[in-house]
Amino acid sequence: MDIVVTVKQVPDPDIPPTHFKVDEATKKVIPPAGVSPVMNGYDAHALEAALKLKEQLGGKVTVVSLGGDSARDTLKRAIAMGADAAVHVNDPALNEADSTTTARALAAAIKKLGAFDLVLSGRQASDTDGGQVHLGIATHLGLPSVSPVQKIEAATADALVVERIVEDGYQRLKVRLPALLGISSEINEPRYPPLKGIMAAGRAQIPVWTAADLGLEGASGKVQLRRLFVETREARVELIEADTLEDAGKKLADKLREARLV
Amino acid sequence: MPGVLLITEAAGEQLAGTTAELIGEGTRLAQQLGGAPVTVLLAGKNVQGLASSLGPLGVDQVLVADSQAPTPPSPQWLLAAAEAAAKQIQPDVILLTHAGGSRDLGAALAYRLDSGIVTDSTALRVEGSDVIITKPVFGGSALAEFSISSSPKVVTLRPRAFESDEAPVAGEAQVEALSVPETDGAIEVLEEIREQATTGPRLKDAKVIVSGGRGLGGPDNWKVVEELAQILGGAVGATRAVTDAGWVPPSLQVGLTGATVAPDLYITIGISGAVQHIAGISGARNVVAINRDADANIFKYARFGVVGDWKQIVPAFTQRLKELRG
Ligand SMILES: Cc1cc2nc3c(=O)[nH]c(=O)nc-3n(C[C@H](O)[C@H](O)[C@H](O)COP(=O)(O)OP(=O)(O)OC[C@H]3O[C@@H](n4cnc5c(N)ncnc54)[C@H](O)[C@@H]3O)c2cc1C
Ligand SMILES: Nc1ncnc2c1ncn2[C@@H]1O[C@H](COP(=O)(O)O)[C@@H](O)[C@H]1O
């Protein structure tokens, strides 16, 4: 099974709120010193799912990323984890790409890669919190899409049975291939790159495709970012203290009763 | 005048709990847009009977897409229904709720219509000819304001972030059946499984929720959370750390990529308060934090807190609540 995985480089989502700063003038995040960007978490789960399918059914796993120069590190990490090939879509004209243009560019790149059976994406990027680009890719490629997927239950050459999260539970769906899935974190635990992979990543040649290579000149977005800002919050907590923690627990119950909450 | 189209999925032959707030915001936006007409697409299985309940909420027109399939409607069928409604109404704005299947329906629809979309919005306002859409980004660490230059503009609304309209209007909506084009059947629904406890309130409607995090240490300790919830007549919630570890089913996850809840009382045990978790509880009126780390972010959002090991605090807390509630 030939699989394409979309991987995005994002600021580390675990940056503590107290260190999270934005530059309102450029509408960008100011990364705290010493914190490197990472592979989007859900994309790592998608890559892991692809590697598992490959182990089971054979085939090839190719990763695609749209991003600036540093996104190369994320592609290298994907190769280190076990991806066979990578493509880097990198063009200053796409630096500020909105979700519309991003989906178009990634779809064009996947098309240019040639035949495939399955596209796996993360259900959501942890910077945009959009949960949309992969569905745009599916639309442009004319693929059925299912998201968010918590399990790939069965896989054959022409269909998958998957579990899709819905409110209060999940659906079991049969999906004909080729298709696109948006992967959620319940599905697996992404592997750490083995030493062999790290060496392969060191040697890997990663082609760079520009907007012109993908026929995207003059692509214009539809969503405009007008403002980016941080709201600060003052703690107003009443901390319950007592001689022992047991007493604090009791006192907490009494407080809640006083406040008519229980 | 181009109007507003609201898309609501009815599950289990019942209107989604968020339908009233979707319609509330939709009608408010329509007024700000100069009195644009409001249409609701009601899509699902056996939903015809629900259409009449929408008129008094201030809606002008209801399109009903009733699925005849024996299984719940597939995402493809819902997309085809939404697309058909959008083509018929030609609205300027399409709103959906950012929950369950509507999350990806909104995005898939937007790309089908070649429209811009902003998901999981927490506020809308009209400025000149633009709709300004507020949306938390970076997990909730920052807020962004967007505008969309296409028509229609598609926006999904965070549950509980918008008010429903209290005053019912004496109006009757015009109800019309919508025929949904055949899909290619590439996606087939085999079954739908409901996971949440059948006793006690459902997470998203609960007035009291007790949520546990990784700090509980393991699945064997989870009964502490369940016992407390039971005593308080509340629902059980969890962080993603807990659902990913498989201690409880994913449908108990609260947060950005889980359920959005708005209880009167939200008690957390061993939860750090990551922004992505907080994103799901901004509507909670009173948060209680039990955590051994005094610097944990959760205390910023709490009204009451105890710093310490839950193993010492919670049994006494639970016991005292039992006494108080007789
Ligand atoms: C894109 C994205 C989406 C996400 N969506 C969600 C989401 O929807 N919901 C969600 O919850 N998370 C989500 N997350 C994950 C989130 O970032 C956090 O990793 C997660 O919420 C942490 O869960 P936790 O608080 O249980 O664990 P931790 O952060 O590990 O916190 C455990 C806490 O327990 C305390 N503790 C430990 N032992 C004890 C003890 N004995 N007594 C008392 N306290 C103790 C510790 O002090 C600590 O504060 C998302 C992340 C990303 C990147
Ligand atoms: N610049 C990008 N490069 C590669 N993949 C991306 C990019 N942007 C989005 N994606 C994919 O689309 C998914 C959803 O992104 P978003 O709609 O931004 O939340 C992500 O999890 C990625 O798999």
Side-chain angles (χ1 to χ4, degrees), chain A residues 11 13 17 20 22 29 99-100 103 124 126-132 135-136 139 144-147 150 161 165-176 179 182 185-186 222-231 233 235 237-240 245-246 248-250 252-255 257 261-262, chain B residues 75-76 99-101 103-104 107-108 111-112 116-120 137-139 141-150 186-196 232 243-244 250-251 256-257 264-265 275 286 297 299-300 302-309 312-314 316-317 320-321 324:
Chain A
F20 192 91
V22 300
V29 174
S99 50
T100 316
Q124 187 157 318
S126 61
D127 51 358
T128 62
D129 292 333
Q132 60 197 51
L135 299 160
T139 306
S145 58
V146 178
S147 185
Q150 63 172 9
V161 176
I165 304 172
V166 293
E167 267 192 315
D168 306 339
Y170 61 93
Q171 297 176 324
R172 285 180 63 239
L173 305 171
K174 185 169 182 190
V175 193
R176 205 155 67 207
S185 51
E186 299 80 6
K222 294 184 161 67
V223 182
Q224 299 80 37
L225 175 61
R226 300 287 196 92
R227 197 178 159 215
L228 183 69
F229 60 104
V230 172
E231 269 184 345
R233 192 182 173 94
V237 63
E238 181 181 338
L239 288 180
I240 315 285
L245 286 172
E246 285 80 3
K250 274 190 209 143
L252 175 62
D254 292 335
K255 278 278 179 191
R257 172 46 63 103
L261 291 170
V262 294
Chain B
Q76 274 188 313
R103 286 198 274 224
D104 42 299
Y111 287 101
R112 269 293 177 91
I117 171 162
V118 175
T119 60
D120 205 13
V137 290
F138 298 97
S141 295
L143 285 174
E145 288 181 359
F146 293 100
S147 57
I148 300 177
S149 52
S150 65
I187 302 174
E188 194 187 323
V189 181
L190 303 176
E191 61 179 325
E192 192 161 297
I193 291 104
R194 308 249 154 219
E195 281 173 336
Q196 283 187 28
L232 296 173
T243 52
D244 278 359
S251 56
L256 181 67
T257 47
D264 294 329
L265 178 62
V275 285
N286 299 281
N297 197 46
F299 288 115
K300 272 203 190 145
R303 174 164 175 206
F304 299 110
V306 185
V307 179
D309 188 340
Q312 287 168 274
I313 300 160
V314 175
F317 175 55
R320 180 72 185 143
L321 284 173
L324 287 173

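Order of the sequence lines sets the chain letters (A, B, ...), proteins ahead of strands, with each chain counted from 1.
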Of all heavy-atom pairs linking A/F20 and B/A142, the shortest is CE2-CB, 3.8 Å
Distance col, row B/I117:CD1 vs A/T100:OG1, nearest 0.5 angstrom, shows 9.5 Å
Check whether A/S185 gets within reach of chain B through its side chain, its backbone, both or neither, counting any heavy atom under 4.5 Å.
both
Shortest non-hydrogen contact from A/L135 toward B/A107:
CD1-CB, 3.5 Å
Of the backbone (N, CA, C, O) and the side chain (C-beta and beyond), which part of A/A103 lies under 4.5 Å from a heavy atom of chain B, both, or neither?
side chain
Does A/R226 pair with B/E145 as a salt bridge, N-O distance under 4.0 Å?
no
Quick one: do the B/T243 and A/E186 side chains pair a donor with an acceptor below 3.5 Å?
no
Output the option from B/L143, B/V314, B/V118, B/I148 having the highest count of non-hydrogen pairs under 4.5 Å with chain A.
B/L143
Chain B contact via A/Q150 - side chain, backbone, both or neither, heavy atoms under 4.5 Å:
side chain
Chain B contact via A/Q224 - side chain, backbone, both or neither, heavy atoms under 4.5 Å:
both
Kindly say whether A/G131 contributes a backbone atom to a donor-acceptor pair with the side chain of B/R103 at under 3.5 angstrom?
no
Any heavy-atom pair between the side chains of A/D254 and B/R320 that's under 4.5 Å?
yes
Counting distance only, does the side-chain N/O of A/T139 pair as donor-acceptor with the main-chain N or O of B/Y111 below 3.5 Å?
no
When only pairs under 4.5 Å are counted, which of A/I165, A/V161, A/I240, A/V230 shares the most heavy-atom pairs with chain B?
A/I240
Is A/D129 reaching over with its side chain to a backbone N or O of B/F138, donor-acceptor style, under 3.5 angstrom?
yes
Which atoms of A/R233 come close to chain B, meaning under 4.5 Å heavy atom to heavy atom: side chain ones, backbone ones, both, or neither?
both
Considering only heavy atoms, which portion of A/S99 lies under 4.5 Å from any heavy atom of chain B: side chain, backbone, both, or neither?
both
Can you tell which of B/S141, B/G101, B/A144, B/G308 has the highest number of heavy-atom pairs within less than 4.5 Å of chain A?
B/S141
